[in-house]
Every structure is written in C-alpha cells, then in structure tokens.
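What follows is one structure encoded as structure tokens, with my remarks underneath.
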Amino acid sequence: MGYYVDQDQLKQAVAQAAVDYVVKKIESDSIVGIGTGSTANCFIDLIAQHKHKFLATVASSEVSAERLRSHGIQVFELNAVSEVTIYVDGADEANTRLELIKGGGAALTREKIVTAVANEFVCIADESKWVKNLGTFPLPVEVIPMARSHVARELVKLAGDPVWRENVITDNGNLILDVHHLHPIGSACELEEKINQITGVVTNGLFALKPADILFLATQQGIITHHPAH
Ligand code: 5RP
C-alpha cells in the first residue's frame, strides 16, 4: 500500500521538478521569471541553490521579489530586460489545454505581463488544481478603483457573480473582483477577451489566449508532465 503525501509535500515535489527542468535550460546570461504564491515560493527557495547558473530574475510581485532578494538573488525590473528565458508560476486551476485561472494571490496582471515576455511558461501545480472545466475557482479580475461598480455590473451581464476582495490592493494600486458561478467556462479565450474589453478592467485571471507551455502536476502517483491538448 502507498502512503499519502500532503499538499505541501506535493508543492515541494513539483517545485523540485521545475528546478530540474529549468536548470537544463538556462545559461549564465539567462533571466528567470518568477511567479507568486505558495508553490512559486517553494520554487524560489529551491532555485536559490542554483543562483550562480543564471544572471538574474524578474518577479511577478513585490512579495516574490523580496523573497528572491532574501536569498541573495538579483531581481531586475522587467523594463530592463529584452528577454525572459523561462517563467515559472503556479495556478489556481488548469485544464488539458493548459488554460489557467490565476490571481488567487492578486498578482495576475504582473503574471500575465511576464508570461507575455517569456520564451516559455512553465506552470507548477498540485493535483487539486487540475480540472475538466475552468470556473469553479472564482475568476479574479483586476480593476481600476473608480470603475469597480461599473465593471461589476458588466460582469453580471456575463452571468458572473462578482465579489469585491475587500482589503486587497494590488501591487499596481488596483482592486480585485472575484467572479463566482462561471463554471463551466466554455470558451476560455472568448471570455478572457470579453472581460478584458470592459472599460476599467486591467486584466483578468484567465490565461487562455497564451496558456502555459508545459505543466508539471504533482499527484499521489508522482509528477505528471502535461503538454497542451489541442
Ligand atoms: C497568484 C497566483 C498563484 O499562482 C495561484 O494563486 C496559485 O497559488 P498557490 O501556489 O499558493 O496555490 O496566480 O496571483
């Protein structure tokens, strides 16, 4: 009989798998993109042992930047680099196309910007994040503060149920609306575009137009590597 591995152990295991993968891909002038959240934190702590193998990092949040600096790892502004070799981040949900919901940690906008620049997006998650259809996890939407009520009304028209994440201000000085009851999201690309077109929305937590390139999923049976299904 096997033994049960808890969620923290799964996060550690998947972060280690990502470190092994990244170390094979980087060179001395590489910039490594670093995500946000508890799984990304595991990755930060483990990649620290290899900090001499790459030039620097860019981070998707102030919290991650601080954690990287605490390990003596250089953090560059994204505007200071022309290329990000590889980006590693967690997710709140992932499907077989490697479309994601992200933003549980309110860092979705910077995460999406770093993925836009990165040559490769490696997603790391434990099996609780693997879903058939996206939308059970409430979809985070970053909004300009004065547009909060307007955006909420527009999200209701899209059949969502937006809830203001009170007491949260993003690194960009904005607010988060978490949109409930969207499950099952049919076309994630279509919904991502529609929500982004609402005036006052900065971005939303669907990563479908540019999904992950590879997903390492930690399961009770070990690490499973997923490539996007078509
Ligand atoms: C932060 C994110 C995280 O990647 C997501 O919330 C997953 O976090 P965790 O690894 O703690 O489960 O999108 O904005």
| message | Tell me if the NZ atom of K194 is crowded by more than 12 foreign heavy atoms within 6.0 Å. | response | no
| Under 3.5 Å, is there a donor-acceptor pair between the side chain of N204 and the main chain of E192? | yes
| task | Report yes if the side chains of I113 and L78 come closer than 4.5 Å at any heavy-atom pair, otherwise no. | result | yes
| query | Which of these, I31, V122, D213, sits in a side-chain contact (heavy atoms from CB on, under 4.5 Å) with I86? | reply | V122
| Are C123 and L98 close enough, and set up right, to give a side-chain contact (heavy atoms from CB on, under 4.5 Å), and what steps lead you there? | CA-CA 9 Å; C123 186; L98 306 196; over 6 Å; no
| note | Scanning both residues in full, the closest heavy-atom pair of R67 with S70 reads O-OG, 2.6 Å
| query | With under 30° as parallel and over 60° as perpendicular, where do the rings of Y21 and F216 fit, or are they tilted in between? | reply | perpendicular
| request: Start with the C-alpha distance between V163 and L177, add both sets of side-chain angles, then the distance that settles side-chain contact (heavy atoms from CB on, under 4.5 Å), and finish with yes or no. | output: CA-CA 5 Å; V163 176; L177 294 174; over 6 Å; no
| field | Main-chain N/O of K53 paired with S28 side-chain donor or acceptor, under 3.5 Å | value | no
| Heavy-atom pair of closest approach, residues K51 and G72 | CD-O, 4.0 Å
| Are the side chain of R148 and the backbone of L175 linked by a donor-acceptor contact shorter than 3.5 Å? | no
| query | Any donor-acceptor pair under 3.5 Å linking the side chain of E93 with the backbone of T136? | reply | yes
| said: Go through it in stages, so that I can follow the logic: the residues are L158 and I198, the test is side-chain contact (heavy atoms from CB on, under 4.5 Å), and I'd like the CA-CA distance, side-chain angles, deciding distance and then a yes or no. | reply: CA-CA 11 Å; L158 296 177; I198 301 171; 4.2 Å; yes
| request: Using the side-chain contact (heavy atoms from CB on, under 4.5 Å) rule, take T57 and Q74 through it: C-alpha gap first, then chi angles, then the decisive distance, then the call. | output: CA-CA 6 Å; T57 57; Q74 279 222 78; 5.8 Å; no
| query | Hey, is K112 close enough to E142 for a salt bridge, meaning N to O under 4.0 Å? | reply | no
| query | Do H183 and N133 meet the criterion of a side-chain donor-acceptor pair at a distance under 3.5 Å? | reply | no
| Can you check whether G35's main-chain N or O pairs, donor with acceptor, with S64's side chain at less than 3.5 Å? | yes
| query | So, E66 side chain and V63 main chain: donor-acceptor pair closer than 3.5 Å or not? | reply | no
| request: Using modelled atom types only, decide if a donor and an acceptor are shared between the side chain of K129 and the backbone of A91 within a distance under 3.5 Å. | output: yes
| In Å and rounded to the nearest 0.5 Å, what is the NE2 to CG distance from H71 to L46? | 8.5 Å
| message | Please tell me whether D20 and Q16 have a donor and an acceptor in their side chains that are separated by less than 3.5 angstrom. | response | yes
| query | I176 and P140: which non-hydrogen atoms are nearest, and at how many Å? | reply | CG2-CB, 4.2 Å
| Does CZ belonging to R165 count more than 12 external heavy atoms closer than 6.0 Å? | yes
| task | Please round to the nearest 0.5 Å and tell me the distance separating atom CD of Q12 and atom CG of D6. | result | 10.0 Å
